[in-house]
Amino acid sequence: MPRTPGAGRTGSGIPERPRPDGPPARPKPRKERVSVQPTDPGVHSSTEDTLDLRLPDDFVELIACDRPEAAGGGLGQGAGQPMGGSGQGLGLGGHDLLDFLADWGPVATPVGGFQLVPVRLERDLPLLARWMNDPAVAAFWSLDGPESVIEAHLRAQLDGDGRSLPCLGVVGGVPMSYWEIYRADLDPLARHYPARPHDTGVHILIGKVADRARGIGSRLLRAVSDHILDHRPACARVVAEPDLRNTPCVAAFLSAGFRLTGELDLPGKRAALMIRDRALRALL
């Protein structure tokens, strides 16, 4: 992220002095630190990335007044619960970074009524641990092992500020897939491609072996990306970065209307940058 030039400086780097008869010089902006939490396996590191931003004093004061925890509701409370009225998953200023995904409801798909249901650890951890220990899944997600491995991965999202939400994909009341919907523009991924504001990222895992290699993944990817574009008017693109070695996954994205726009060298993998554009959704 480019650093905002300090206030009160000329192009030569020499501090400006106020004219004797002019208004007083504006105070220098306060330096704030913003944490970016890692979420994605193979892309996000296990350590916290910290970016330095320079924000004007009045904007810093506005954030402090609107911060949810200032009213007694910390962002880390209620881990494992769906986002919603409790304030769970709200970003700075009390705004939901994914436009209240938990409230989007079901959508019709070629495989039946489909809904993204936010993960609840006490209910969903055993199922997700079983899926992650499938060797075909572990090869790309690297979250196999005891339940504590996937639990830590989920808590990093559920206890965060809402920029990434883990969900079960439910068809006919039966969980059959795992999804992560996240703000790609607020993610470390944004350092590796020309991100745009409100770019929304997608990760997908089809849980049951019987549901793979049948075209179900591509149908659901198209439906979910449409769902995102319908409910996030500020989002112009849905993005994904599957491992290039995972050719069935790359093919599923292509069949779902995503374009292969390039290749990325990411931590732990070389990825295909897949993008579905709002402007092209009716054509692809």
Parallel, tilted or perpendicular: rings of F258 and F253 (30°, 60°):
perpendicular
N/O donor-acceptor pair under 3.5 Å between [X] side chain and [Y] backbone:
X    : Y    : result
S225 : R222 : yes
N133 : A129 : yes
R214 : A210 : yes
D124 : R120 : yes
D185 : H198 : yes
T109 : V107 : no
D277 : A279 : no
R237 : R276 : no
H227 : G105 : yes

Sorted by chain and residue number, the side-chain contact (heavy atoms from CB on, under 4.5 Å) partners of P233 (sequence neighbours excluded) come out as none
Name all residues meeting the side-chain contact (heavy atoms from CB on, under 4.5 Å) criterion together with A139; count only those two or more places apart in sequence or in a different chain, and write none if there are none.
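side-chain contact (heavy atoms from CB on, under 4.5 Å) check on A139 returns nothing, list empty.
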Considering only Ile, Leu, Val, Met, Phe, Trp and Tyr, and joining two whenever side-chain heavy atoms are under 4.5 Å apart, list the other residues clustered with L284.
L280, L283
Restricting to non-hydrogen atoms, name the atom on A138 and the atom on M132 that form the minimum distance, rounded to 0.1 Å.
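So the minimum-distance heavy-atom pair works out to CB-O, 3.6 Å.
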In terms of side-chain geometry, is the basic nitrogen of R232 or D99 positioned less than 4.0 Å from the acidic oxygen of its partner?
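Judged by the 4.0 Å cut-off on N to carboxylate O distance, R232 and D99 do form a salt bridge.
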Are R281 and D226 ion-paired here, with the side-chain N under 4.0 Å from a carboxylate O?
yes
Using 0.5 Å steps for rounding, measure from the OH atom of Y178 to the CG atom of L116.
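The CG atom of L116 is 11.5 Å from OH of Y178, to the nearest 0.5 Å.
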Could you state the interatomic distance from CD1 (I206) to CG (L220), rounded to the nearest 0.5 Å?
5.5 Å
Using side chain to side chain donor-acceptor pair (under 3.5 Å) as the criterion, list what pairs up with [X], not counting sequence neighbours.
X    : value
R196 : none
R130 : none
S218 : none

Would you check if the distance from the ring center of H203 to the ring center of W179 is below 6.0 Å?
no
With clusters defined by side-chain heavy atoms of hydrophobic residues (ILVMFWY) lying less than 4.5 Å apart, directly or transitively, does L128 cluster with V174?
no
When hydrophobic residues are tied together by side-chain contacts of less than 4.5 Å, even through go-betweens, does L244 share a cluster with I275?
no
Polar contact flag, side-chain donor to acceptor under 3.5 angstrom, E180-H153:
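Yes, side-chain donor-acceptor contact under 3.5 Å.
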